[in-house]
Amino acid sequence: MGITRTGGPEVLGLLDLPEPDGDGLVIRVAAAAVNPVDLATRSGLIPTALPAVLGWDLAGTVAHAPAGCGYTAGDRVMAMTAQLGTGVGSMAEYVRFDPEYVVRVPDALDLVDAAALPLAGVTAVQALRRTPVRAGRRVLLVGAQGSLGGQLAVRLLDEPDTTTDLLVRPGDAEACRALRLGRPGGGAVLTDPARVEAKAYDVVVDAGGAPDLIEAVCPGGTFLTLVPFAAPDPARRPDVEFVLHGVELDRADLAEVAAHAAHAARDAGVRPRTTVLPFADAHEAHRRLEAGGFRGKFVLMP
Ligand SMILES: NC(=O)c1ccc[n+]([C@@H]2O[C@H](COP(=O)([O-])OP(=O)(O)OC[C@H]3O[C@@H](n4cnc5c(N)ncnc54)[C@H](OP(=O)(O)O)[C@@H]3O)[C@@H](O)[C@H]2O)c1
C-alpha cells in the first residue's frame, strides 16, 4: 500500500512490487498501523522518494531469517521501520528489515496490538528520557488523548511525587480521568487551553500541537514538542529550553514499549485501542484521521 504521487487520500493504492528476496530478515506482515507521519508523507508535506510504500509500524511473523540473527521462521515480531529514513514502508505483505531493530512480540499481545505500538511508544520513551521528570516537578502534557499522548500519559502518571496536568479535548476528559485512577502521580485534567496558568510548569510536553503553550513554562523550564508543524518560535521565550524531539530507531526502546504493553495487558487487561481495516481501505483510515476526532489507531491488514 503506497503512493506513486502525492496528494489526497485518493492517491493511495496497492502497488505490485517484487517480494524481498531471501537475503536478510524477511517479515510476513500481519498488521501495519497508520500514523500522522503517513498522512504528511502521502500529502507531500514531507518529501519522500516515489513510488513509496507507506507505514512505520508493523507486526508479523518471520518468513525468512539469516543464520545467527536470533530469529527463526514463524517467530512473532514487531518493528518500527522509520519509512522516511530507511525507505522501508511497513504496509506490505513482506518486509525485509534489519534484525537489529526487530523485537519479539510478548505472549500477552496479539499482532494487532503489537502493530499499534512502535512509533508512538518509542517516541514517548525517548521524549521522556530527553526531559526527565523529577520529584516535585510540575508537568503539563498536551494531547494526552492521542496515541502518542496516551503513551506519554501513562508513563508520566506512574511517576510518584510529580504533578502532571493533562490538557485534552473536552470530550476526552472523562476517559483521561479514568486513566489517572490508581496511579501515583498527581495532577488535574484540563480542557481549555486559554485557562492554562502562565509560567507555571517546569515542563510542557506537546503531543497535540499547541505552540502558544510555551507561555505555560516557567523561566528555566522546558518546552518539548513532538509536533514539528506546530512548533512555536523559540525566540518567543528565550528563558525557556526549547526541544523539538524526533524519534530514532532503537531496539532497546522498542523492547521496553513491548514489555510495558504486555504488562498492561496481562495485569490490567488494558490493550491498545485499534480499528482494523484491510490494506485496500487505507484511504478510509487517512480520511478519518485527517477529519480529526478519531481516537486510537487504525491498523491495516494485508
Ligand atoms: N517527533 C516525533 O518523532 C513524532 C513521533 C510520533 C508522532 N509525532 C507527532 O505527534 C503528534 C501526535 O501523534 P499521534 O500518533 O498521537 O496522533 P493521534 O493519535 O492522531 O493523536 C493526535 C491528537 O492530538 C490532538 N490535537 C490536535 N491538535 C491539538 C491541539 N491544538 N491541542 C490539543 N490536542 C490536539 C488530536 O485531537 P483531535 O482529533 O480532536 O484533533 C488527537 O487526539 C502528531 O503530530 C505526530 O505527527 C511525532
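If you read the sequence from its start, that first residue is 1, and numbering goes on from there. Ligands are counted one by one from 1 in listed order, and the atoms in each one are counted from 1 as well. Predicted, not measured: the structure shown is a model, and the values here were computed from it.
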Is there side-chain contact between R169 and R295, with at least one heavy-atom pair below 4.5 Å?
yes

So, are R183 and D158 salt-bridged, with charged N and O less than 4.0 Å apart?
yes

Are there any protein N or O atoms under 3.5 Å from the N or O atoms of ligand 1? List them with distances, or say none.
| unit_1 | atom_1 | unit_2 | atom_2 | d |
| --- | --- | --- | --- | --- |
| ligand 1 | 1 (N) | L226 | O | 3.2 |
| ligand 1 | 1 (N) | H245 | O | 2.7 |
| ligand 1 | 3 (O) | V247 | N | 2.8 |
| ligand 1 | 16 (O) | S147 | N | 3.0 |
| ligand 1 | 16 (O) | L148 | N | 2.7 |
| ligand 1 | 19 (O) | S147 | N | 2.9 |
| ligand 1 | 19 (O) | S147 | OG | 3.0 |
| ligand 1 | 28 (N) | R169 | NH2 | 3.3 |
| ligand 1 | 28 (N) | G208 | O | 3.2 |
| ligand 1 | 31 (N) | G209 | O | 3.0 |
| ligand 1 | 37 (O) | Q145 | NE2 | 3.4 |
| ligand 1 | 37 (O) | R169 | NE | 3.4 |
| ligand 1 | 39 (O) | G293 | N | 2.7 |
| ligand 1 | 39 (O) | R295 | NH1 | 2.8 |
| ligand 1 | 40 (O) | R169 | NE | 2.9 |
| ligand 1 | 40 (O) | R295 | NH2 | 2.9 |
| ligand 1 | 41 (O) | R169 | NH2 | 3.0 |
| ligand 1 | 43 (O) | Q145 | NE2 | 3.1 |
| ligand 1 | 43 (O) | R295 | NH1 | 3.1 |

Working to the nearest 0.5 angstrom, can you tell me the gap between I27 CD1 and T61 OG1?
9.0 Å

Hydrogens and angles aside, do E159 and T164 bring a side-chain donor and acceptor to less than 3.5 Å of each other?
no

Taking it one step at a time, do Y101 and R251 satisfy side-chain hydrogen bond (donor to acceptor under 3.5 Å, both in side chains)?
CA-CA 5 Å; Y101 297 117; R251 184 194 216 170; over 6 Å; no

Side chains of Q126 and R130: do they bring a donor and an acceptor to under 3.5 Å?
no

